[in-house]
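Have a look at the structure below before the remarks.
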Amino acid sequence: MAQSNIERRYQDARDQYGELGVDTDAALNRLEQIAVSINCWQADDVGGLEGVGEITGGGIMATGSFPGKARTGDEIRQDFEFASRLIPGTHRFNLHAMYLEADGVSVDRDQIEVSHFQNWIDWANHLGVPLDFNPTFFSHPKADDGFTLASRDKGVRDFWIEHGRRCREISAAMGRAQGGTCTDNFWMPDGWKDLPADRLAHRELLIESLDRIFETPYAPEETLDAVESKLFGISSESYVVGSHEFYIAYAMSRKLMLTMDAGHYHPTEVISEKISALLPFFPKLMLHVSRPVRWDSDHVVLFDAETTAIMREIARADAWNRVFLAVDFFDASINRISAWVIGLRASLKSALYALLEPRQQIVDAELSGRLGDRLALQEEAKTLPFGAVWDMYCARHEVPVGRQWLDQVQTYEHEVLRSRS
Ligand code: RNT
Ligand code: ZN
């Protein structure tokens with residue numbers, strides 16, 4: 001689309017939004033400051049760089065065999081740099097501990113050190129992209145029976161406690177290196193496929209293990225810890241130790257962040273509704289923006305009802321600085337760069353859409369008891385010329401407008417991805 005066209009459409013949109021009391025320029029400026037943490041694990045189907053190559057255990061699964069998956073740290077970095085040119089704004093990069101680089105030497109999870117992540121730290125620094133971090137409690141022989149920190153085996157627990165402690169140290173080092181906090185998100189798969197005899201025992205073990213991991217204090221400017229709850233996984237259908245209630249209580253009592261993943265609840269339960277329930281109690285929250293299709297399937301995020309509802313709740317509470325946004329999806333059935341670009345553009349579109357809500361008028365209608373007006377305004381807002389504002393955002397960031405980015409991905413697919421065996 002010609003620049004003049006984009007401008008003209010934007011001016012019209014600005015007027016239309018203006019009639020409903022919405023300042024599109026202010027919304028675009030606000031969007032500038034919203035960073036999403038982009039998951040490294042979409043690049044290689046959660047394979048990691050330890051030589052395992054695919055997820056084992058943990059109850060999560062990447063399906064599909066689209067060619068061209070990244071096989072090395074360099075390939076992940078190359079793919080991310082390319083994808084970044086198609087995503088407006090400056091974002092963050094979310095690394096898992098299994099993406100260590102130890103020069104071909106095998107380093108077990110209880111032995112990892114900052115030096116194994118130096119490539120990532122240097123690269124991120126060079127790009128100006130802050131890192132976030134996650135310990136990896138799956139794809140490991142010591143997680144094969146489905147238990148890690150809540151295992152009845154003390155040796156297994158100790159191993160994973162050491163992993164968790166080291167991850168916090170690494171995360172803090174990343175935070176120092178980038179001059180701003182590196183979040184450290186703890187998710188572990190622990191649970192039973194079938195009916196447990198003792199639900200409480202494992203929960204007590206998990207508390208004990210986590211308390212040991214979190215006993216070392218770190219400055220919040222360096223690292224902030226989060227714990228991620230879950231309802232069920234493959235092989236933990238009947239019971240997950242770290243359920244939502246467990247982690248609300250745990251995170252509250254230990255002053256940690258709570259992570260809510262959009263795919264970790266009952267199918268009709270949504271995290272958008274939970275945000276305002278937790279914000280009064282938690283100074284900071286983390287979200288794993290994902291798209292569950294009938295189960296925790298980790299489909300690529302879309303500009304859909306729930307994603308926009310999540311962003312709307314943050315916008316209404318003006319809590320952008322209190323909610324860390326991370327995406328969590330892994331689809332191996334489509335071009336993985338497309339997955340990133342679709343998911344990130346959709347997340348940002350959803351945020352912009354939320355910022356463009358004619359909030360004041362809707363609130364006024366509610367306060368004056370005109371509930372029909374409240375409903376009507378929410379409906380009218382849906383057909384405002386949102387696309388023109390989004391296109392302007394892309395144009396200002398010099399990333400392709402509309403479907404133009406696809407051509408670039410196709411070229412990259414032919415020139416780079418197809419040559420990877
Ligand atoms: C698993 C959790 C977790 C993982 C990543 C890879 O159900 O959602 O966040 O997806 O850590
Ligand atoms: Zn998640």
Side-chain angles (χ1 to χ4, degrees), residues 36-50 52-63 69-70 76 92-100 109 131-140 143 146 148-149 160 163-164 167 171 182-191 225-237 239-244 246-247 251 257-267 270-271 274 285-301 306-307 310 323-332 336 339-340 343 347:
V36 180
S37 195
I38 305 180
N39 55 329
C40 74
W41 52 92
Q42 168 58 59
D44 72 337
D45 319 334
V46 209
L49 300 174
E50 295 168 311
V52 179
E54 57 187 40
I55 315 170
T56 60
I60 54 176
M61 204 164 123
T63 54
K69 113 169 138 184
I76 296 174
R92 305 173 64 89
F93 193 68
N94 206 1
L95 207 56
H96 239 282
M98 72 194 323
Y99 289 82
L100 84 176
R109 302 264 174 93
L131 295 171
D132 290 305
F133 201 54
N134 306 253
T136 311
F137 293 96
F138 51 88
S139 295
H140 190 280
T148 62
L149 291 176
W160 289 113
H163 178 62
C167 283
S171 184
C182 172
T183 68
D184 197 11
N185 180 56
F186 283 72
W187 170 75
M188 63 281 324
D190 298 41
D225 303 293
V227 283
E228 179 179 0
S229 70
K230 189 158 171 168
L231 177 67
F232 80 97
I234 303 168
S235 79
S236 62
E237 289 85 351
Y239 165 73
V240 169
V241 186
S243 63
H244 186 53
F246 177 91
Y247 275 133
M257 281 194 289
L258 180 74
T259 297
M260 293 195 290
D261 182 310
H264 290 192
Y265 298 86
H266 290 283
V270 283
I271 64 170
K274 300 177 190 299
L285 292 172
M286 164 123 73
L287 301 183
H288 270 192
V289 183
S290 189
R291 181 166 54 106
V293 178
R294 305 188 194 286
W295 70 294
D296 180 33
S297 61
D298 295 284
H299 278 62
V300 176
V301 169
E306 174 57 4
T307 312
I310 289 170
V323 181
F324 284 95
L325 292 170
V327 287
D328 185 6
F329 50 78
F330 31 100
D331 190 339
R336 293 169 186 77
W340 259 338
S347 302

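All ligand and atom numbering here is 1-based and tracks the order in the structure. When a residue number appears, it is its place in the shown sequence, counting from 1.
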Restricting to under 2.8 Å, identify the protein N, O or S atoms around the Zn ion (ligand 2) as residue plus atom.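 You should have found Glu228 OE2, Asp261 OD2, His288 ND1, Asp328 OD2.
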
Would you call the rings of Trp160 and Phe137 parallel, tilted or perpendicular, where under 30° means parallel and over 60° means perpendicular?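 Rings of Trp160 and Phe137: tilted, as their planes differ by 30° to 60°.
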
In terms of ring plane angle, is the pair Phe232 and Trp295 parallel, tilted or perpendicular, where the classes change at 30° and 60°?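 Correct class here is tilted.
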
State, with a plain yes or no, whether a side-chain heavy atom of Asp328 is found less than 4.5 Å away from one of Glu228.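 Yes; the side chains approach each other to less than 4.5 Å.
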
Are any of the side-chain nitrogens in Asp45 or Arg336 under 4.0 Å away from the carboxylate oxygens of its partner?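 Here Asp45 pairs with Arg336 in a salt bridge, since their nearest N and O are under 4.0 Å apart.
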
Assess, by modelled atom type and distance only, whether the side chains of Asp132 and Asn185 contain a donor and an acceptor separated by less than 3.5 Å.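 Side chains of Asp132 and Asn185: no pair found under 3.5 Å.
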
Partners passing side-chain contact (heavy atoms from CB on, under 4.5 Å) against Ser235 (at least two apart in sequence or in another chain):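 Result, side-chain contact (heavy atoms from CB on, under 4.5 Å) vs Ser235: none returned.
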
Might you list the protein residues in contact with ligand 1, defined as having a heavy atom under 4.0 Å from one of its atoms, sorted by chain and number?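 Correct list: Trp41, Ile60, His96, Trp187, Glu228, Lys230, Asp261, His264, His288, Asp296, Asp328, Phe330.
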
Under 6.0 Å between the ring centres of His288 and Trp187?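 No, the ring of His288 stays outside the 6.0 Å limit from the ring of Trp187, centre to centre.
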
Suppose we screen for ring pair (Phe, Tyr, Trp, His ring centres under 6.0 Å). Which residues come up paired with Tyr99, at least two apart in sequence or across chains?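 Result, ring pair (Phe, Tyr, Trp, His ring centres under 6.0 Å) vs Tyr99: none returned.
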
Tell me if a side-chain donor or acceptor on Ser290 pairs with a main-chain N or O of Gly263 at a distance below 3.5 Å.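 Not a single qualifying donor-acceptor pair exists.
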
